[in-house]
Asker: 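Please read through the structure below; I'll follow up with questions.
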Amino acid sequence: MSNAPVHNIDVPAFAADPYADLTTIREGTGAAFVPQLNATLFCRRETIHREEKRVDLFSSRQPEGLMVKLMGENMLRKDGEEHASDRKITFPSYSPRTVRDHWSERFRAKTQEALDALAPQGGCCLVRDFAMRVCGEALRDVTGLYDLSWQEVDATSQAMIDGVANYHGDPALESKALAAVARINQAVERQLDDLPEYSLLKVQLDSGMDVGPAAGNIRLAISGGQNEPRDAIAGAVWALLTHPEQLQMIRDGQATWKDAFEEFNRWQSPVGMVPRGVTRDEEVEGVQLSKGDRVFFMYSAANRDPRVFDAPVVFDITRNNSPSLAFGAGPHFCAGAAVSRELVSQVALPMLFERFPNIRLEGDVRFHGWAFRGPVEVKVRW
Ligand code: HEM
């Protein structure tokens, strides 16, 4: 077992706000063993940026890990050639060119429909009523699973994410995750006679991949492609409405919606960490790791590392946030980054603020989660 200094956490308090614990670890020795998570947490940006690339030592393969046990194999849990092959096969669905030429128009049309439906209501919860729908519709297109409603995309995504982050072993979360997997598999089966152009289902089956592994990568896209952009849309709106001078900068053309999106992702890290398995005994940054240890690379801590970011707890869309690790730091760098940049910063944010120029917050906003983190609800009026 790792000999990193022990840091105990209170799991519910950590889920409510992990930053105090993460700061203590990062500004102490940089890494700590957290018994409640049975993992060694690395918290400094430079360490994570360097070490995540050492896939021979920090493996993504985790046949006994929660993701594979609940959701089956997928590219996020593969290494080396096997992983590179899946990346190549799925690239035609995720590529910047496909996003520009094929998905962007659809994202706009669906966002327009969502705004038209909301307009007469005079207000809504942005997470539930806007972002959830916009992201669910986008994933129906990208995956090709039109048998799922956008509400089901969100529900299955959330159930899988809760299952994968269920490190304390709640049986109710486990069975909800398994039911979500079964529903997605059913939707895959029902779509096999009609494969939508550029969809993940089509590009994988066209490459000769079997339905089983193709469905695994589709489940991954749904679990990884719904809640992060959903939380980034609602969260970035909240961040801009609570920093009106920065919203004004965008309206005046001194900053962009993309600046706001990237800064929100750094500041709140929708994906707070990635897990890895240690393949051999080795010392890293003064910590003696043992084969079989579980390591969490804490992006949320790295993205507030004062060695890299000035005043890291401040939301500032003018900063250079290119060192942000919000989309990853190694070969598993978010495959859907181009999709989410388009959806959030070119479509959802500009269209929302254009349609409702006087949009304002109603009530406080609470964030939740440490492995995946986002606002619970964001109530607005216009
Ligand atoms: C705000 C939006 C998003 C954020 C912050 C985000 C973040 C991440 C992160 C941190 C990783 C893991 C990186 C690593 O292990 O090094 C990842 C992987 C991945 N993401 Fe995203 N993501 C977002 C949106 C999306 C969307 C919209 C999709 C799909 C349409 C998607 C699909 C994937 C896939 C397939 C992987 C696995 C890549 C691989 O294993 O090679 N993501 N994402």
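Just so you know, ligand 1 is whichever comes first in the structure, and atom 1 is the first atom listed for that ligand.
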Asker: Applying a strict 4.0 Å limit to heavy atoms, is Met273 in contact with ligand 1?
Answerer: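 No.
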Asker: Using a heavy-atom cut-off of under 4.0 Å, does the side chain or the backbone of Leu220 touch ligand 1, or both, or neither?
Answerer: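 The side chain, only.
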Asker: If you measure from the Lys or Arg side-chain nitrogens to the Asp or Glu carboxylate oxygens, is any gap between Glu354 and Arg251 under 4.0 Å?
Answerer: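 Answer for the salt bridge query: no.
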Asker: Does a side-chain heavy-atom distance below 4.5 Å link Leu201 with Val188?
Answerer: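 Yes - at least one pair of side-chain heavy atoms lies under 4.5 Å apart.
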Asker: Stepwise, does the salt bridge (charged side-chain N to carboxylate O under 4.0 Å, His left out) test hold for Arg307 with Glu46?
Answerer: CA-CA 9 Å; Arg307 293 159 195 79; Glu46 293 309 322; over 6 Å; no
Asker: I need the contact type for His83 against ligand 1. Using non-hydrogen atoms and a strict under-4.0 Å cut-off, is it side chain, backbone, both or neither?
Answerer: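 For His83, the contact with ligand 1 is made by the side chain alone.
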Asker: Can you list, by chain and residue number, the protein N, O or S atoms under 2.8 Å from atom 21 (Fe) of ligand 1?
Answerer: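 Near atom 21 (Fe) of ligand 1, the protein supplies Cys334 SG.
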Asker: Tyr299 and side-chain hydrogen bond (donor to acceptor under 3.5 Å, both in side chains): which partner among Arg266, Glu52, Arg45?
Answerer: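 Passing option: Glu52.
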Asker: Whether the Asp162 and Gln158 side chains hold a donor-acceptor pair (N or O, under 3.5 Å, no angle test) is what I'd like checked.
Answerer: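 Yes - a donor-acceptor pair under 3.5 Å links their side chains.
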Asker: Looking only at distances, can you tell me whether any N or O atom of Tyr94, backbone or side chain, sits closer than 3.5 Å to an N or O atom of ligand 1?
Answerer: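 N/O-N/O distance under 3.5 Å: no.
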Asker: Which residue holds the protein heavy atom closest to atom 12 (C) of ligand 1, what is that atom called, and what is the gap in Å?
Answerer: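 So the nearest neighbour among protein heavy atoms is His332 O, 3.8 Å.
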Asker: Can you sort out the partners of Arg108 under salt bridge (Lys or Arg N to Asp or Glu O under 4.0 Å), two or more places apart, ordered by chain and number?
Answerer: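 In terms of salt bridge (Lys or Arg N to Asp or Glu O under 4.0 Å), with neighbours along the sequence ignored, Arg108 is linked to Glu342.
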Asker: Going by heavy atoms in the side chains, are Arg26 and Arg304 under 4.5 Å from each other?
Answerer: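 Of all side-chain heavy-atom pairs linking Arg304 with Arg26, at least one is under 4.5 Å.
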Asker: So, using salt bridge (Lys or Arg N to Asp or Glu O under 4.0 Å) as the criterion, who are the partners of Lys110 when residues are at least two apart?
Answerer: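 Testing Lys110 for salt bridge (Lys or Arg N to Asp or Glu O under 4.0 Å), a comparison that skips the adjacent residues, returns Glu113.
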Asker: For Ala326, counting its heavy atoms only, list the atoms of ligand 1 lying under 4.0 Å from any of them.
Answerer: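 Every atom of ligand 1 under 4.0 Å from some heavy atom of Ala326: 5 (C), 7 (C), 10 (C).
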Asker: Give the atoms of ligand 1, by number and element, whose distance to some non-hydrogen atom of Ala329 is under 4.0 Å.
Answerer: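 Atoms satisfying the 4.0 Å criterion: 16 (O).
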Asker: Answer with yes or no whether the side chains of Ser95 and Thr98 bring together a donor and an acceptor at under 3.5 Å.
Answerer: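 Their side chains do contain a donor-acceptor pair, which is all the 3.5 Å distance test asks for.
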Asker: Against ligand 1, does Tyr299 come closer than 4.0 Å with any heavy atom?
Answerer: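 It does, in that a heavy atom of Tyr299 comes within the 4.0 Å cut-off of ligand 1.
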Asker: Under the side-chain hydrogen bond (donor to acceptor under 3.5 Å, both in side chains) test, which residues partner Ser59, sequence neighbours left out?
Answerer: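 If we apply the side-chain hydrogen bond (donor to acceptor under 3.5 Å, both in side chains) test to Ser59, skipping adjacent residues, the hits are Asp79.
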Asker: Number the atoms of ligand 1 from 1 as they appear, then name those within less than 4.0 Å of a heavy atom of Glu52, with their elements.
Answerer: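 The atoms of ligand 1 under 4.0 Å from a heavy atom of Glu52 are 14 (C), 15 (O), 16 (O).
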Asker: Which one holds for Leu76 and ligand 1: side chain close, backbone close, both close, or neither close, with close meaning a heavy atom under 4.0 Å?
Answerer: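 For Leu76, backbone and side-chain atoms both sit under 4.0 Å from ligand 1.
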Asker: Using a 4.0 Å heavy-atom threshold (strictly under), name the region of Lys53 that reaches ligand 1: side chain, backbone, both or neither.
Answerer: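 Neither; nothing of Lys53 gets under 4.0 Å from ligand 1.
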Asker: Students should be able to answer this: which protein heavy-atom is nearest to atom 15 (O) of ligand 1, and at what distance?
Answerer: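 Closest protein heavy atom to atom 15 (O) of ligand 1: Arg276 NH2, 3.0 Å.
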Asker: Taking N or O atoms only and a 3.5 Å limit, does Asn265 qualify as a polar contact for ligand 1?
Answerer: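 No - when backbone and side-chain N and O of Asn265 are compared with those of ligand 1, no distance drops under 3.5 Å.
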Asker: Indicate whether any N or O donor in one side chain lies under 3.5 Å from an N or O acceptor in the other, for His332 and Ser60.
Answerer: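 The criterion, which ignores hydrogens and geometry beyond distance, is satisfied for Ser60 and His332.
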Asker: Mind telling me whether Phe353 and Trp257 have parallel, tilted or perpendicular rings, with 30° and 60° as the class edges?
Answerer: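 Rings of Trp257 and Phe353: parallel, under 30°.
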